[in-house]
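In what follows, a structure is listed as structure tokens, so that the remarks can point back to it.
When reading the values below, keep in mind they use all heavy atoms of this one structure, side chains included, and skip hydrogens, waters and symmetry mates. Numbered from 1 within each chain, the chains take letters A, B, ... in sequence-line order. Since the model is a prediction, treat every value here as computed from it, not as a measurement.
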Protein chains: 2
Amino acid sequence: MSTSTREKIIQLGDDLLRKQGFNAFSYADISKPLQIKNAAVHYYFPSKQDLAVAIALWHKDIFDRFSQKMANKEPKDKLKTFLNFYHSIHLSEKVDIIGAFATDWHSLEPKVQTEVQEFTELVINWLSELIQEGLDLGQFRTTQNARTTALRILSSIFASTQLVRITGDHDFTRVKNSILEEFIN
Amino acid sequence: MSTSTREKIIQLGDDLLRKQGFNAFSYADISKPLQIKNAAVHYYFPSKQDLAVAIALWHKDIFDRFSQKMANKEPKDKLKTFLNFYHSIHLSEKVDIIGAFATDWHSLEPKVQTEVQEFTELVINWLSELIQEGLDLGQFRTTQNARTTALRILSSIFASTQLVRITGDHDFTRVKNSILEEFIN
DNA sequence: TAAAATACTTATTTACTAATAAGTTTGCAA
DNA sequence: TTGCAAACTTATTAGTAAATAAGTATTTTA
């Protein structure tokens, strides 16, 4: 099963968005490596904002499949897998998609913002639910409610993908382990 | 004491950097509101990277004065004031300077990166010291070492300035209070 | 097999961007 | 009062950006 041009554009766009930032890459950065013309990118995504929408939808799709795959796992394992996923983001020199969109927020059109908001709520709700589940099972400990804890975990881990660009690798593992130690009994 | 043109450029540049992102604003966005020509901006800062260096240095300067002013305060109050400072960032619709630079990291020249690194270490060290101090005084609790705790607090709070652009205001206060509750006895 | 949709390319436009060279004005110092 | 430096403006350039119109080849469908 070969990847379609459309799919390749989305994946490369996502890569550039998270490595360089939304306003730091151009259609030429996408068309050159794919050996197509910039007009071909416009054929699939008439405007850059359309591409941003597609990237956000792609992430929703990936996350849906991820959460389905994890549905039967223990809360503890869900959290660990989630944090490991961020570790792989860090290793590939990207930042998290939520942070990437957030810093460029004011250059995004409403249609993009809406998709990003929906994706983010998807993640926060998934985290909130696993935390509540973990609390009920006595696997987790926290004095805060589930959503607040979810926000704390999400913000800590996605900020780390950004912060370690500045401070260096070793700090990522520190933060990741610290989160696990803090919440898991 | 009136603000010099140079100072005005730095302040407006900082504002734009943190509201829109480094690659989302131009010299025209600076010169127009100040009612000068774009060449006047280049007179003070020949390249955009030079402006970025000046913005980073400005933040180091502000932080130095802040930490001097707080030197005699209790660790608990230092932390509270620090978090309140981020609250004001949030209210002015900006993101934290560390996160703003981090997402645009790969479009920054080494001279900018170095200044940002030094500023970030300044903040982390200040936080680490106040945490150690608080632990010694029995005002704080944490199972982690001081630097790790500092990283957790810093990443949580600066990510929140980004995250709440997406999820909405109320989540900022949640996270801020949650940090205080977690560490302060 | 004709036509219509798909997946592009060629070619161009409009707009903006950072950057610079060459003036001009103003104030101060010798 | 001359001269020189600081703080600009005027004017321009070279490059890049997103976007679009119009054409072409290939595949699909009726």
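The number of heavy atoms from other shown groups lying within 6.0 Å of CG (A:Asn185) is above 12.
Taking the salt bridge (Lys or Arg N to Asp or Glu O under 4.0 Å) definition, one finds that A:Glu118 meets it with A:Lys60, sequence neighbours left out. Residues that satisfy the salt bridge (Lys or Arg N to Asp or Glu O under 4.0 Å) test with B:Glu74, not counting sequence neighbours, are absent from this structure.
Between the C1' atom of C:dA18 and the CD1 atom of B:Ile30 lies a distance of 12 Å, rounded to the nearest Å. Separating the CG atom of A:Leu34 from the C1' atom of C:dC8 is a distance of 13 Å, rounded to the nearest angstrom. Taking atom NZ of residue A:Lys37 and atom P of nucleotide D:dT24, one finds them 17 Å apart after rounding to whole Å. Between the CG atom of A:Asn23 and the P atom of C:dA18 there is a distance of 12 Å, given to the nearest Å.
Which of C:dT9, C:dA7, D:dC8 sits closest to the side chain of B:Tyr44 comes down to D:dC8.
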Sort me out a list of protein N/O and nucleotides 27-29 of chain D N/O pairs below 3.5 Å, or just none if empty.
none

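In this structure, the side chain of B:Glu93 does not engage the main chain of B:Lys19 through any donor-acceptor pair within 3.5 Å. A donor-acceptor pair under 3.5 Å is formed between the side chain of B:Arg18 and the backbone N or O of B:Val95.
Interface residues of residues 7-21 of chain A facing DNA chain C, ordered by number: none; criterion, heavy-atom separation under 4.0 Å.
Taking the six-membered ring wherever Trp is involved, the centroid distance between the rings of A:Phe85 and A:Phe82 does not fall below 6.0 Å.
In summary, the side chains of B:Thr148 and A:Ser178 do not present any donor paired with an acceptor at a separation below 3.5 Å, with no hydrogens or angles considered.
Salt bridge annotation for B:Arg141-A:Glu182: absent, with no cationic side-chain nitrogen under 4.0 angstrom from a carboxylate oxygen.
Cluster membership check: A:Phe140 shares its hydrophobic cluster with B:Val175, using side-chain heavy-atom separations under 4.5 Å among Ile, Leu, Val, Met, Phe, Trp and Tyr.
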* Heavy-atom protein contacts under 4.0 Å, nucleotides 15-22 of chain D, coded B base, S sugar-phosphate only, - none -> --SSBB--
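For the residue pair B:Gln162 and A:Ala102, the shortest heavy atom distance occurs at O-CB, 3.5 Å.
Dashed line: the shortest gap from a side-chain N or O of A:Thr5 to OP1 or OP2 of C:dA7 is not under 4.0 Å.
The shortest distance between side-chain heavy atoms of B:Ile55 and B:Ile97 falls below 4.5 Å.
The overall bend of the helix from C:dT1-D:dA30 to C:dA30-D:dT1, read as the angle between its terminal helix axes built from five base pairs each, is 10° when rounded to 10 degrees.
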* To do: Could you walk me through whether A:Arg174 and A:Glu181 pass the salt bridge (charged side-chain N to carboxylate O under 4.0 Å, His left out) test, one step at a time?
  => CA-CA 10 Å; A:Arg174 253 177 212 266; A:Glu181 275 184 48; over 6 Å; no
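Ring planes of A:Tyr27 and A:His42: tilted class, angle from 30 to 60°.
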